[in-house]
K.L.:
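Below: one structure in structure tokens.
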Amino acid sequence: MTDVVIVGAGQAGSALAAKLRALGHSGAITIVGEETAPPYQRPPLSKGYLLGDMAEERLWLRSPDYYTEQAITLRLGAPVSAIDRAAQTVTVAGEALHYDELVLTTGSIPRQLPAAIGGTLTGVHVVRTLMDVNAKKHRFVAGARVVIVGGGYIGLEGAAVAAKLGLDVTVIEAAPRILQRVAAPETSDYFRALHRAHGVKILEGVGLDRILGEGHVSGVRMADGRELPADFVILGIGIRPAIDLAEAAGLTLDNGIATDAYGRTSDPHIWAAGDCASFPWKGGRLRLESVGNAIDQAEAVAANIMGADAPYVAQPWFWSDQYDCKLQIAGLNTGYDTIATRQGEGEAVSFWYYRGETLLAVDAMNDPRAYMVGKRLIEMGKSPSRAEVSNPETNLKALLKV
Ligand code: FAD
């Protein structure tokens, strides 16, 4: 019987353990997590949970009883500090734990700012863990001034929650436009307008010079010299894959822990999945930071540990909730050259990314049908013409049958 140890009690780790049991794995399964909470979902941390709409238990991916019933051991509150590949053990709280197969689902780490520019002042927050969010929730009171550094999805979701709660919100983005790294100008324009309609100030094309304050945040100074007062600051400036353990163990890295198509690292008994892992993709490598990928890749690794010998084929999808807008994204827009815009019913709109005549991705705002059809088309390798997609008379579902 094979003993499996999973490092990281998050979205991927939990999915992997569950899938192993579902596939009939009868050996020991241990999930080691450095956080104290049982595996939980992160998306509500910048949405409903931050808003105060959700109890903490509703974040949990599975009830603690589930792990007991499935004989999955959760060892929480202490990290794995080392891997001994020759002995096939990991070190947890000074103790060596044996594995036959080891899976790294260590997730990612939010970028912080150095102390020299105010990054360690009280009132500077990131949004990654339940503890991060619990530490700053009390600051979300009407009238408080918050500056959000970074106009990506996490920053904008935080801005939406803060605006809803009546805070004075400013987002500063160093790139020429919010969402520049991940979306077309059309999507940026949509969200800029949405936020401005809710009173959020969006300052683009201007970086942060430093966070001001003595002990506690009092404001920020921007690269153009302007200063803004602030009671607290949220950093939404990206993440880096949590690779330190893998690096110390001498595993191959390449924008994350490099795996083959089956999820195996450069050590045949060590696997990786989720935010921390990069995998082969269309002649290059890809690392995704999304729930869908964490689950699908983890389940693929579980199947391969059980001998399926089936490569992981990513079908990227993502979502973001801001105010009453649900954005759903299908596919990956990397390398797009044109956009087709489709006006749906009411407030619904979607932007379809093409490279040449090939459909790559869809951003659908309050348009679940456009998202569903776009996702299926991309998975099927079908590309309707831009004219067909843009024509509001086109029956989207019919495009699947062509
Ligand atoms: P995680 O869920 O982060 O789990 C990794 C775990 O490993 C962590 O608990 C970490 O503490 C632990 N760990 C690391 N090192 C060690 C060690 N040495 N020993 C023990 N434990 C260790 N995705 C979407 O698709 N849609 C969204 O709307 C969305 N919103 C998000 C909002 C927020 C605020 C955040 C932070 C993320 C959001 N994401 C969203 C991304 C999504 O949550 C992640 O992609 C997903 O959680 C990745 O799963 P994972 O298992 O790889 O990592």
Side-chain angles (χ1 to χ4, degrees), residues 5-18 30-51 59-61 74-83 90-93 97 102-111 125-133 136 148 150 152-158 160-161 182 234-236 238-249 256-257 263 272-279 287-299 301 315-322 325-330:
V5 172
I6 300 167
V7 186
Q11 189 86 53
S14 171
L16 196 126
T30 306
I31 308 181
V32 186
E34 66 181 344
E35 295 184 67
T36 50
Y40 61 90
Q41 40 170 337
R42 296 186 194 280
L45 297 182
S46 53
K47 308 178 181 76
Y49 183 73
L50 186 59
L51 195 58
L59 297 176
W60 296 350
L61 291 164
L74 279 182
R75 283 193 61 157
L76 302 175
V80 165
S81 54
I83 304 170
V90 295
T91 309
V92 191
L97 188 64
L102 179 69
V103 191
L104 302 177
T105 56
T106 46
S108 46
I109 299 165
R111 289 187 200 284
H125 297 276
V126 293
V127 198
R128 182 72 199 173
T129 66
L130 193 50
M131 261 174 65
D132 294 334
V133 174
K136 71 163 184 268
I148 296 174
Y153 286 120
I154 301 270
L156 292 178
E157 289 180 356
V161 169
V182 288
I234 298 176
L235 301 178
I239 56 179
R240 66 173 180 88
I243 52 157
D244 301 5
L245 194 60
E247 187 170 30
I257 305 168
D275 281 13
C276 66
S278 80
F279 55 90
R287 190 177 62 75
L288 293 169
E289 300 163 3
S290 73
V291 165
N293 174 66
I295 296 172
D296 293 349
Q297 201 179 10
E299 292 190 345
V301 168
Q315 305 288 2
W317 59 274
F318 191 78
W319 80 95
S320 175
D321 298 329
Q322 297 170 47
C325 175
K326 180 155 203 82
L327 163 68
Q328 292 170 288
I329 302 170

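Both ligands and their constituent atoms are indexed starting at 1 by order of listing.
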K.L.:
For atom 31 (C) of ligand 1, which protein heavy atom lies nearest, and how many Å away is it?
P.N.:
Pro43 CA, 3.5 Å
K.L.:
Is there any N or O on Trp319 that sits under 3.5 Å from an N or O of ligand 1?
P.N.:
yes
K.L.:
What is the closest protein heavy atom to atom 24 (C) of ligand 1, and at what distance does it sit?
P.N.:
Phe318 CE1, 3.2 Å
K.L.:
Closest non-hydrogen protein atom to atom 12 (C) of ligand 1, residue and atom name please, with distance?
P.N.:
Gly8 CA, 3.7 Å
K.L.:
With heavy-atom distances below 4.5 Å as the criterion, would you say the side chains of Ile329 and Trp319 are in contact?
P.N.:
no
K.L.:
Enumerate the atoms of ligand 1 whose separation from the nearest heavy atom of Val127 is less than 4.0 angstrom.
P.N.:
34 (C), 36 (C)
K.L.:
Any salt bridge between Asp321 and Lys326, counting N to O under 4.0 Å?
P.N.:
yes
K.L.:
Within the 4.5 Å heavy-atom criterion, are Phe279 and Asn293 side-chain neighbours or not?
P.N.:
yes
K.L.:
Just by distance, with hydrogens left out, do Thr129 and Asp132 show a side-chain donor and acceptor under 3.5 Å apart?
P.N.:
yes
K.L.:
Backbone, side chain, both or neither: what part of Ala242 comes under 4.0 angstrom of ligand 1, heavy atoms only?
P.N.:
neither
K.L.:
Determine, using heavy atoms of Gln41 and all atoms of ligand 1, whether some pair is separated by less than 4.0 Å.
P.N.:
no
K.L.:
Any heavy-atom pair between the side chains of Leu130 and Tyr49 that's under 4.5 Å?
P.N.:
yes
K.L.:
Going by the order shown, which atoms of ligand 1 are within less than 4.0 Å of some heavy atom of Gly10?
P.N.:
2 (O), 4 (O), 51 (O)
K.L.:
Can you check whether Val291 reaches Pro43 side chain to side chain, under 4.5 Å on heavy atoms?
P.N.:
yes
K.L.:
Just to be sure I'm reading this right: ignoring hydrogens, which of Pro44, Ala82, Ser46 gets closest to atom 32 (C) of ligand 1? Compare them by their nearest heavy atoms.
P.N.:
Ser46
K.L.:
My understanding is that only one of Leu97, Val80, Val5 makes a side chain to side chain contact (heavy atoms under 4.5 Å, CB included) with Arg75; could you say which?
P.N.:
Leu97
K.L.:
Run down the list Leu327, Val133, Val126, Thr106 and name the one with the heavy atom closest to atom 14 (C) of ligand 1.
P.N.:
Thr106
K.L.:
Quick one: which of Arg240, Arg287, Glu289, Arg128 gives a side-chain hydrogen bond (donor to acceptor under 3.5 Å, both in side chains) with Ser108?
P.N.:
Arg128
K.L.:
Below 4.0 angstrom from a heavy atom of Ser290, which ligand 1 atoms are there? Numbered from 1 as shown, please.
P.N.:
23 (N), 25 (O), 45 (O)
K.L.:
When you look for heavy atoms under 4.0 Å from ligand 1, do you find them on the side chain of Asp321, its backbone, both, or neither?
P.N.:
neither
K.L.:
If you measure from each non-hydrogen atom of Thr105 to ligand 1, which part falls under 4.0 Å: side chain, backbone, both or neither?
P.N.:
backbone
K.L.:
Considering only protein heavy atoms, which is closest to atom 42 (C) of ligand 1, and at what distance to one decimal place?
P.N.:
Val291 CG2, 3.9 Å
K.L.:
Considering only NZ, NE, NH1 and NH2 on the basic side and carboxylate oxygens on the acidic side, decide whether Glu157 and Arg42 come within less than 4.0 Å.
P.N.:
no
K.L.:
Please examine the side chains of Val126 and Arg111, heavy atoms only from C-beta on, and report whether any two atoms are closer than 4.5 Å.
P.N.:
no
K.L.:
Would you mind listing which atoms of ligand 1 come within a distance below 4.0 Å of any non-hydrogen atom of Val32?
P.N.:
20 (C), 21 (N)
K.L.:
Return the option from Leu130, Ile154, Leu16 holding the heavy atom at the smallest distance from atom 33 (C) of ligand 1.
P.N.:
Ile154
K.L.:
So for ligand 1, is Val80 a polar contact partner (N or O within less than 3.5 Å, distance only)?
P.N.:
yes
K.L.:
Give the atoms of ligand 1, by number and element, whose distance to some non-hydrogen atom of Gly274 is under 4.0 Å.
P.N.:
52 (O)
K.L.:
Tell me, which protein residue and heavy-atom name are nearest atom 53 (O) of ligand 1, and how many Å apart are they?
P.N.:
Gly107 CA, 3.3 Å
K.L.:
What atoms of ligand 1 come closer than 4.0 angstrom to any heavy atom of Ala12?
P.N.:
50 (P), 51 (O)
K.L.:
Please check if the side chain of Thr105 supplies one atom and the backbone of Gly8 the other of a donor-acceptor pair under 3.5 Å.
P.N.:
yes
K.L.:
Could you list the atoms of ligand 1 found under 4.0 angstrom from a heavy atom of Gly33?
P.N.:
20 (C), 21 (N)
K.L.:
For ligand 1, is any non-hydrogen atom under 4.0 Å from Tyr153's backbone (N, CA, C, O), its side chain (CB onward), both, or neither?
P.N.:
neither
K.L.:
Which residue from Glu35, Gln11, Arg42, Gln297 reaches closest to atom 43 (O) of ligand 1 through any of its heavy atoms?
P.N.:
Arg42
K.L.:
Short list, please: which atoms of ligand 1 are under 4.0 Å from a heavy atom of Glu289?
P.N.:
45 (O)
K.L.:
Does the side chain of Ile83 come within less than 4.5 Å of Leu104's, by heavy atoms?
P.N.:
yes
K.L.:
Given the rule in the side-chain contact (heavy atoms from CB on, under 4.5 Å) test, do Leu156 and Ile154 qualify, once you have shown the distances and angles that lead to the verdict?
P.N.:
CA-CA 6 Å; Leu156 292 178; Ile154 301 270; over 6 Å; no
K.L.:
May I ask you to identify the nearest protein heavy atom to atom 46 (C) of ligand 1, giving residue, atom name and distance to one decimal place in Å?
P.N.:
Asp275 OD1, 4.0 Å
K.L.:
Going by heavy atoms in the side chains, are Pro39 and Leu74 under 4.5 Å from each other?
P.N.:
yes
K.L.:
Can you check whether Val7 reaches Val103 side chain to side chain, under 4.5 Å on heavy atoms?
P.N.:
no
K.L.:
For Gln11 and Tyr40, does a side-chain donor sit closer than 3.5 Å to a side-chain acceptor?
P.N.:
no
K.L.:
Quick one: look up the protein heavy atom nearest atom 28 (O) of ligand 1 and list residue, atom name and how far away it is.
P.N.:
Lys47 NZ, 2.6 Å
K.L.:
Please say whether Glu34 places an N or O atom under 3.5 Å from an N or O atom belonging to ligand 1.
P.N.:
yes
